[in-house]
Amino acid sequence: MSQKEEKPTLAGVRLKTRKRNIVVPHDPLSFANTVVDLLYDAYTTEYDSDVDTLLSNASKIIDTTELDFSRYGEVLFEVAFAGKMFATEQGKESEGGKSLPFCILKCASRDEIIPYIRWFQSMIRRRPFLVKALELTMIKLILSLEFYGDAEKKNVAIGMSRCFALKVGVLPDRVLPNALEDRLVARGTIASFITDLFVDFLATETVESLVELLRKAKVQDKLLDFFPQQERTWEMFNKHFVEAGLSDFVEYNQKKLHDANIQELKFLIKEMTCGEEGPYKPAEILAAVKEKIEECNFEQLEVLKCCYLGIVEGTLDTAGSKNTQQTQYAVLKNLKYYRKLLLEFCTSGRQEAALMVTIQVTCYEDSRLLKLFADIVKILYDCDVLGEAAIKYWYAKPTVKVGRNVFENALKPLVEWLDEAEEEDSDEE
């Protein structure tokens, strides 16, 4: 039998066995205790009068350490908010471990909280990944509001408000929607919390900024959902925030709701005149519109504009493959058919003048109506919706400039005809 040949070897070469990756145990409590110790080291007698000095010293000390912020970033913010690490994911304070005598929850005013938020801003500027940890910490605080007293809840609200106002980097849509927790909403905890947040935010920012914050958080249409089920009416909503000193916010919200109701009314008229289930008879549409007026308390002029725009826009939306001439004919036909709807709400010279301006703007904005201005005015004059005085007033005293020259030339023959008719009547008398 033949023996196996020995494989060649490298003489003088020592092969090292690869070591496995060393698994570092997860130990957030030790990290929290280390942060507490570092903050204690930064603690000076100047703290009572200057929080900024304490946090500035703390930043310098922390920057010299090799703490694993990418792994324990949440713990850092937990210590800043509560003075110690949270015990659970819901944000309740832990029973063991070291704690600080100073933190956001123990502050007495907004001025004492602001330095902490600026410290967050400084830390996140140097370590952008910490913004995610701050967001998660805020979520824990919201879900744990029931564990805190009234003063601590208010400080949580102020802290979050300042984070948004100072633009620390926290995304509202990752934080605020978590406040719609059914358990906390049912107890009224969230209503109180969100009120404190709004009050503090509006102390330095505008109502428009607050509305934009709610829009980014995607809760601008869910404001009633922050209140318990039995309190979800706009009357109670308005009363609650007026008592909290947020009258400007209430007025802004009422205007927004009013505008939304106006759009609903216009859509209702579009659907009933030109929708799939339509067209309805003018009397049926009028009854539906009056019912909406009683519900939303619209002014007559607003309803008149909605009626005109609903008829015209509905006709244009359903034009489909019709050519321009067919579309224009359909607009004029529908305006004539639903004239009783317009007559019901066009009962004064002021309303007629406003309707003339609405016709002007709509004809200018849609190319299919650009050459139809004079025809629309003429047919509404024939239907007694527009009077001679309103037409002449629009022609003599321009209020809106869009398309003015084109429409004036188009309307000139009608105005001249009205003048001639008036002269003939005066001669006969």
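Any value given below was found using the heavy atoms of this structure, including those in side chains, with hydrogens, waters and symmetry copies removed.
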(request) Work out which heavy atom in L143 is nearest to a heavy atom in R183; give both atom names and the distance. (result) O-NH2, 3.4 Å

(request) Say whether, by atom type as modelled, one donor and one acceptor occur between the side chain of N297 and the main chain of I293 under 3.5 angstrom. (result) no

(request) Inspect the surroundings of CG in N409 and state if more than 12 heavy atoms from other residues, nucleotides or ligands are less than 6.0 Å away. (result) yes

(message) Show, in sequence, the C-alpha distance, side-chain angles and deciding distance for S70 and R127, and conclude whether the side-chain hydrogen bond (donor to acceptor under 3.5 Å, both in side chains) test is met.
(response) CA-CA 9 Å; S70 61; R127 304 173 181 86; over 6 Å; no

(request) Answer yes if the ring centres of F198 and F249 are under 6.0 angstrom apart, and no otherwise. (result) yes

(message) Tell me if the centroids of the rings in F227 and W234 come within less than 6.0 Å of each other.
(response) no

(request) Using a 4.5 Å cut-off on heavy atoms from C-beta on, say whether the side chain of K222 contacts that of L180. (result) yes

(message) Quick check against the 3.5 Å criterion: does E251 have a side-chain atom that pairs as donor or acceptor with the backbone of D248?
(response) no

(request) Identify whether the distance between the nearest side-chain nitrogen and carboxylate oxygen of D173 and K216 falls below 4.0 Å. (result) no

(request) Decide side-chain contact (heavy atoms from CB on, under 4.5 Å) for L76 and M123; before the verdict, give the C-alpha distance in whole Å, the side-chain angles of both, and the deciding distance to 0.1 Å. (result) CA-CA 10 Å; L76 172 68; M123 295 287 287; 3.6 Å; yes

(message) Measuring from atom CZ of F201 to atom CD1 of I194, what distance do you get when rounded to the nearest 0.5 angstrom?
(response) 11.5 Å

(message) Set out, in order, the CA-CA distance, both residues' side-chain angles and the distance that settles salt bridge (charged side-chain N to carboxylate O under 4.0 Å, His left out) for E388 and K392, then state yes or no.
(response) CA-CA 6 Å; E388 180 179 339; K392 289 183 176 180; 2.8 Å; yes

(message) Between E212 and R215, is the salt bridge (charged side-chain N to carboxylate O under 4.0 Å, His left out) condition met? List the steps.
(response) CA-CA 5 Å; E212 180 65 13; R215 186 193 65 78; 2.5 Å; yes

(request) Please name the pair of heavy atoms, one in L134 and one in C163, separated by the smallest distance, quoted to 0.1 Å. (result) CD2-SG, 4.3 Å

(message) Looking at K140 and E74, is there a salt bridge between them, counting it only when a charged N and a carboxylate O are closer than 4.0 Å?
(response) yes

(message) Surrounding CZ of F267 (heavy atoms of other residues, nucleotides or ligands, distance under 6.0 Å), is the total greater than 12?
(response) no

(message) I'd like to know if D221 and K256 make a salt bridge, using a cut-off of under 4.0 Å between side-chain N and carboxylate O.
(response) yes

(message) Run the ring-ring contact (aromatic ring centres under 6.0 Å, His included) test against Y338 and tell me which residues pass, sequence neighbours left out.
(response) none

(message) Are M160 and L141 packed together at the side-chain level, in the sense that at least one heavy-atom pair is separated by less than 4.5 angstrom?
(response) yes

(message) Working note: R118 + Q121, criterion side-chain hydrogen bond (donor to acceptor under 3.5 Å, both in side chains); need CA distance, chi angles, decisive distance, verdict.
(response) CA-CA 5 Å; R118 288 176 178 159; Q121 196 172 37; over 6 Å; no

(message) Once rounded to the nearest 0.5 Å, what's the spacing between atom NZ of K270 and atom CD1 of I311?
(response) 12.5 Å

(message) Keeping Q263 on the side-chain end and A260 on the backbone end, is there a donor-acceptor pair under 3.5 Å?
(response) no

(message) Show the nearest heavy-atom pair for residues V75 and A32, with the distance to one decimal.
(response) CG1-CB, 3.4 Å

(message) Would L369 and V312 count as a side-chain contact (heavy atoms from CB on, under 4.5 Å) here? Give the steps.
(response) CA-CA 10 Å; L369 302 177; V312 173; 3.7 Å; yes

(message) If you count every heavy atom of other residues, nucleotides or ligands that lies below 6.0 Å from Y337 atom OH, does the total exceed 12?
(response) yes

(message) With a 4.5 Å cut-off on side-chain heavy atoms, are E181 and I142 touching?
(response) no

(message) For K154, is there an ion pair with D150 - N to carboxylate O distance below 4.0 angstrom?
(response) no

(request) Would you check if L370 and C363 make a side-chain contact, meaning some heavy-atom pair closer than 4.5 Å? (result) no

(request) Determine the minimum heavy-atom distance between G83 and V36, stating which atoms define it. (result) O-CG2, 4.1 Å

(request) Hey, could you give me the OG1/CG distance between T233 and L224, rounded to the nearest 0.5 Å? (result) 7.5 Å

(request) List in chain and number order the residues that pass ring-ring contact (aromatic ring centres under 6.0 Å, His included) with Y308, two or more places apart in sequence or in another chain; answer none if no residue qualifies. (result) none

(request) Apply salt bridge (charged side-chain N to carboxylate O under 4.0 Å, His left out) to the pair E408 and R404, showing each step before the final yes or no. (result) CA-CA 6 Å; E408 272 186 1; R404 181 75 194 184; 2.8 Å; yes

(message) Quick test of your reading of the model: are K84 and E78 salt-bridged, counting only N-O distances below 4.0 Å?
(response) no

(request) Taking all heavy atoms of E135 and all of G169, pick out the closest pair and write down the distance. (result) OE2-O, 4.1 Å

(message) Let's go through C296 and H258 carefully: what are the C-alpha distance in whole Å and the side-chain angles of both, what is the deciding distance for side-chain contact (heavy atoms from CB on, under 4.5 Å) to 0.1 Å, and is it a yes or a no?
(response) CA-CA 8 Å; C296 301; H258 184 76; 5.9 Å; no

(message) Please identify which of these residues, Y116, F120, F102, Y148, meets the ring-ring contact (aromatic ring centres under 6.0 Å, His included) condition with F81.
(response) F120

(message) When you measure from the side chain of Q326 to the backbone of N323, do you find a donor-acceptor pair of N or O atoms at a distance under 3.5 Å?
(response) yes

(request) Determine, for E235 against K239, whether the closest basic-nitrogen to carboxylate-oxygen distance falls under 4.0 angstrom. (result) no

(message) Taking V402's backbone N and O only, do any of them form a donor-acceptor pair with Q360's side chain (distance below 3.5 Å, no angle check)?
(response) yes

(request) Report the C-alpha distance between S209 and T206 in whole Å, list the side-chain angles of each, state the deciding distance to 0.1 Å, and finish with yes or no for side-chain contact (heavy atoms from CB on, under 4.5 Å). (result) CA-CA 5 Å; S209 298; T206 63; 2.9 Å; yes

(message) Using only atom types and a distance under 3.5 Å, with no angle test, would you say the side chain of E231 pairs donor to acceptor with the backbone of P228?
(response) no

(message) Once rounded to the nearest 0.5 Å, what's the spacing between atom CG of L386 and atom CG of L343?
(response) 9.5 Å

(message) In the structure I gave you, are the side-chain heavy atoms of L380 and K336 within less than 4.5 Å of one another anywhere?
(response) no

(request) To the nearest 0.5 Å, tell me how far L301 CG sits from C306 SG. (result) 10.0 Å

(request) Working to the nearest 0.5 Å, report the span between CZ of R339 and CD1 of I379. (result) 9.0 Å

(message) Taking the basic N atoms (NZ, or NE/NH1/NH2) and the acidic carboxylate oxygens, is any pair closer than 4.0 Å for K290 and E294?
(response) no

(request) State, with a plain yes or no, whether a side-chain heavy atom of K153 is found less than 4.5 Å away from one of F193. (result) no

(message) For Y72 and F77, I'd like to know if the aromatic rings sit close, meaning centre-to-centre distance below 6.0 Å.
(response) no

(message) Looking only at the aromatic ring of each residue, does the gap between the centers of F237 and F241 stay below 6.0 angstrom?
(response) yes

(message) Testing the basics here: between C346 and E352, what is the closest heavy-atom pair and its distance to 0.1 Å?
(response) SG-CG, 3.5 Å

(message) Within the structure provided, determine whether D200 and D196 are in side-chain contact (heavy-atom separation under 4.5 Å).
(response) no

(message) Just so I know, are the side chains of T347 and Q300 near enough to count as touching, which here means a heavy-atom distance under 4.5 Å?
(response) yes

(message) With a 3.5 Å distance limit and no angle check, can you tell me whether E302 reaches the backbone of F298 through a side-chain donor-acceptor pair?
(response) no

(request) Without swapping roles, check the side chain of N155 against the backbone of C107 for a donor-acceptor pair under 3.5 Å. (result) yes

